[in-house]
Asker: 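This is the structure, below, for whatever I ask next.
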Amino acid sequence: MTAMTPDTNLFPAAPFDPATHTVSKKGFAELIGVTQSRVSQLITAGLPVETNGRIHVARGKDWIDRNVDPNRRRAAGSPSNPPTSLAGGFLSPRAERDSAEAEIARLKAHKMADRHLDRRATLRVIEARAKAERDALIGWVNRCAPAIAAGTGADLAKITAILDREVRDHLITIASTKLELPQ
């Protein structure tokens, strides 16, 4: 008998292979957007079923395409049920709701673990930083103008006015650049 180590996996996950992928009756119903009872009716009408009672996804969808009247298909072509499952099928409204609830739970967990940034707080920090930089640039004009005037022998008032105008024009240019935050 061999000893099991913590990294030994008794049941390794099989890679997803659409050619061999099978699902239960309930899973197939969710994939094509119908009820389980409708899948039972389809099985009675000839939908192929594996020996273990599961439905091969590709063969089942192919059978439906060939044997079910498109007008009788409930949600298979509906734009409200886009293809989102691993098998390339459709999610039922219940599965969509469960998926949305799982996403909300994931976001709440990230926020509680401080791995989520609050959008409003982030915008407040960015705005405060931009105001501080604007004030620092305007203050820079008043600090540097005397040094430039002394070094060049030019009129302090003219240098201050020129620098102030150029810095403010630069700030207007920067402010007109659209800030796009990721969603």
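All values derive from a computational prediction rather than experimental measurement.
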Asker: What verdict does the side-chain contact (heavy atoms from CB on, under 4.5 Å) test give for I174 and R134, after you've listed the backbone C-alpha separation in whole Å, the side-chain angles of each residue and the deciding distance to 0.1 Å?
Answerer: CA-CA 10 Å; I174 291 173; R134 176 201 64 199; over 6 Å; no

Asker: Is there a side-chain contact between R38 and T35, using heavy atoms and a 4.5 Å cut-off?
Answerer: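 Yes, side chains in contact.
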
Asker: Taking the side chain from D164 and the backbone from T160, do they hold a donor-acceptor pair closer than 3.5 Å?
Answerer: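 Here the side-chain-to-backbone pair does not exist.
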
Asker: State, yes or no, whether a side-chain contact exists between L123 and R120 at a heavy-atom distance under 4.5 Å.
Answerer: no

Asker: Rounded to the nearest 0.5 Å, what separates atom NZ in K25 from atom OG in S37?
Answerer: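 Between K25 NZ and S37 OG, I get 9.0 Å after rounding to 0.5 Å.
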
Asker: In sequence, state the C-alpha distance, the side-chain angles, and the governing distance for K61 and I64, and then conclude on side-chain contact (heavy atoms from CB on, under 4.5 Å).
Answerer: CA-CA 5 Å; K61 286 184 178 182; I64 287 174; 5.6 Å; no

Asker: Could you check whether any side-chain heavy atom of L163 comes within less than 4.5 Å of a side-chain heavy atom of N142, counting everything from C-beta outward?
Answerer: no

Asker: Taking the side chain as every heavy atom from C-beta outward, state whether V39 and I55 have any pair of such atoms under 4.5 Å apart.
Answerer: yes

Asker: Evaluate the side-chain proximity of R168 to L137: yes if any heavy-atom separation is below 4.5 Å, no if none is.
Answerer: no

Asker: Identify the heavy atoms of A29 and Q36 that sit nearest to each other, and give their distance.
Answerer: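 So the two residues come closest at CB-N, 3.9 Å.
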
Asker: So do the side chains of H170 and E166 get within less than 4.5 Å of each other, counting heavy atoms only?
Answerer: no

Asker: Decide whether W140 and I138 are clustered together by the hydrophobic rule: side chain heavy atoms of Ile, Leu, Val, Met, Phe, Trp, Tyr closer than 4.5 Å, transitively.
Answerer: yes

Asker: If you take all heavy atoms of R129 and E133, which pair is closest and at what distance?
Answerer: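 Reported closest heavy-atom pair: NE-OE2, 2.7 Å.
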
Asker: In the structure I gave you, are the side-chain heavy atoms of F28 and V34 within less than 4.5 Å of one another anywhere?
Answerer: no

Asker: Which residue pairs pass the salt bridge (Lys or Arg N to Asp or Glu O under 4.0 Å) test when at least one of the two sits in residues 137-159, sequence neighbours left out?
Answerer: none

Asker: Which pair of heavy atoms, one from A154 and one from I159, lies closest together, and at what distance?
Answerer: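 Between these two residues, the closest heavy atoms are CB-CD1, 3.5 Å.
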
Asker: Just to verify, what does R106 make a salt bridge (Lys or Arg N to Asp or Glu O under 4.0 Å) with, not counting sequence neighbours?
Answerer: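 E103.
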
Asker: Using 4.0 Å as the upper bound for N to carboxylate O, is an ion pair formed by K131 and D135?
Answerer: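 Salt bridge flag = no for K131 with D135.
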
Asker: Which atom names give the shortest non-hydrogen contact between R59 and P48, and what distance separates them?
Answerer: O-CG, 4.3 Å

Asker: Is the shortest side-chain heavy-atom distance between H56 and E50 below 4.5 Å?
Answerer: yes

